[in-house]
Amino acid sequence: MKNYDYPLLAYFVIITFSTRCFCEAREFVVDGKENSWKIPSSPNELNKWAEKNRFQIGDYIVLNYDPKSDSVLEVNEEDYNNCNKAQPIKTYKDGETKILLDKSGPFFFISGANGHCENGQKLQLKVLSPQHSSSNDHFTASAPVKFITPAPSPVSGSSGMKIGIIGGFMVMLASFIVLA
């Protein structure tokens with residue numbers, strides 16, 4: 001290999017490794033803390049949190065709450081604006097709701113408890129389309145996001161990230177072999 005090939009090889013390895021490790025789906029705990037699916041202390045608190053994040057197709061949001069007194073309703077935009085609980089798209093009542101963001105565009109959620117939506121317990125978020133996202137969109141400087149584990153991993157723990165690192169290493173090794 002010629003000396004001038006090393007910077008090109010290094011660049012290729014860095015790009016391959018970084019996109020391999022950081023393109024996995026993530027779980028976002030709503031508002032970055034446990035038991036945050038409740039009437040917020042300030043108006044639009046949940047939406048302000050959502051605006052600071054970059055959601056991508058395949059990500060999950062996690063909402064924690066007391067299932068005896070609350071629920072999460074996925075609704076359309078009109079029902080979101082009017083706090084209409086009559087015809088939700090989906091209803092969640094498990095207390096630790098994990099929702100797959102399976103398409104680009106807006107998602108709308110309201111509380112199923114009486115009076116909660118009217119008092120600000122609602123969430124609107126936007127999932128980026130693939131052409132508007134990049135591998136670093138999960139990491140914004142102003143967003144204190146709690147990442148749980150890479151998703152959708154069938155094994156608990158950080159095995160998804162380990163697989164990403166191992167996969168990146170394998171690509172890097174293959175690159176050296178091919179270029180040698």
Side-chain angles (χ1 to χ4, degrees), residues 11-38 40 44-65 71-81 88-92 94-111 117 120-172 175:
Y11 178 75
F12 176 76
V13 168
I14 290 168
I15 295 300
T16 302
F17 183 76
S18 65
T19 58
R20 177 74 180 129
C21 291
F22 297 120
C23 63
E24 304 207 20
R26 301 284 178 191
E27 291 183 2
F28 293 84
V29 175
V30 171
D31 206 18
K33 53 191 170 202
E34 299 297 319
N35 299 319
S36 61
W37 187 243
K38 59 185 177 188
N44 290 318
E45 180 179 325
L46 298 173
N47 289 338
K48 288 177 184 174
W49 168 82
E51 290 171 0
K52 293 179 184 177
N53 292 287
R54 301 283 185 240
F55 302 101
Q56 296 181 354
I57 296 171
D59 286 343
Y60 289 84
I61 59 166
V62 179
L63 300 104
N64 297 300
Y65 54 94
S71 62
V72 178
L73 307 178
E74 183 177 347
V75 295
N76 63 35
E77 185 174 9
E78 183 179 346
D79 289 344
Y80 171 86
N81 290 330
I89 297 167
K90 293 181 186 171
T91 301
Y92 304 93
D94 61 357
E96 188 174 329
T97 298
K98 183 177 171 180
I99 301 171
L100 171 64
L101 304 174
D102 59 354
K103 63 184 183 338
S104 62
F107 282 78
F108 303 94
F109 303 97
I110 62 174
S111 170
C117 177
Q121 189 179 347
K122 56 190 198 172
L123 172 65
Q124 174 182 348
L125 59 88
K126 182 179 178 186
V127 177
L128 298 173
S129 62
Q131 63 265 28
H132 290 105
S133 63
S134 71
S135 61
N136 293 324
D137 276 339
H138 289 295
F139 305 100
T140 58
S142 62
V145 178
K146 178 181 176 184
F147 294 118
I148 298 176
T149 59
S153 176
V155 180
S156 64
S158 60
S159 61
M161 186 60 81
K162 289 177 188 171
I163 290 170
I165 292 170
I166 292 169
F169 178 75
M170 295 302 287
V171 170
M172 181 176 65
S175 299

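Between L46 and W37 there is a side-chain heavy-atom pair separated by less than 4.5 Å. Two residues are said to be in side-chain contact when any heavy atoms from C-beta on lie closer than 4.5 Å; P88 and E74 fail this criterion. In this structure, the side chains of E45 and D31 come closer than 4.5 Å at one or more pairs of heavy atoms. Counting heavy atoms from C-beta outward, V30 and F109 have side chains that stay 4.5 Å or more apart. The closest side-chain heavy-atom distance from D59 to V127 is not below 4.5 Å. Taking the side chain as every heavy atom from C-beta outward, Y92 and S71 never approach each other to under 4.5 Å. Here the side chains of K126 and F55 are not in contact, with every heavy-atom distance at 4.5 Å or above. Looking at L125 and L101, their side chains come closer than 4.5 Å, going by heavy atoms from C-beta outward.
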- prompt: T97 and Y65: side-chain contact (heavy atoms from CB on, under 4.5 Å), yes or no, with the steps?
  reply: CA-CA 8 Å; T97 298; Y65 54 94; 2.6 Å; yes
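Annotation for K122: atom NZ counts as buried by contact number, over 12 foreign heavy atoms lying within 6.0 Å.
N64 is linked by a side chain to side chain contact (heavy atoms under 4.5 Å, CB included) to V29, E34, N35, V62, E96, counting only residues two or more places apart in sequence or in another chain. E51 is linked by a side chain to side chain contact (heavy atoms under 4.5 Å, CB included) to nothing, counting only residues two or more places apart in sequence or in another chain. Applying the side-chain hydrogen bond (donor to acceptor under 3.5 Å, both in side chains) test to Y80 and every residue at least two apart in sequence or in another chain returns N47.
Atom CD1 in I99 sits 10.5 Å away from atom CG in D102 (nearest 0.5 Å). Rounding to the nearest 0.5 angstrom, the gap separating the SG atom in C117 from the CG atom in L123 is 11.0 Å. Rounding to the nearest 0.5 angstrom, the gap separating the CD1 atom in I61 from the CD atom in E27 is 11.0 Å. The line from CG of L63 to CD of Q121 is 9.0 Å long, rounded to the nearest 0.5 Å. Atom OG in S129 sits 10.0 Å away from atom CD in Q56 (nearest 0.5 Å).
Shortest non-hydrogen contact noted between I57 and P130 is CD1-CD, 4.0 Å.
In terms of modelled atom types and a separation under 3.5 Å, the side chain of N76 and the main chain of E78 share a donor-acceptor contact.
Ring to ring, F28 and Y60 are not that close: their centroids are 6.0 angstrom or more apart.
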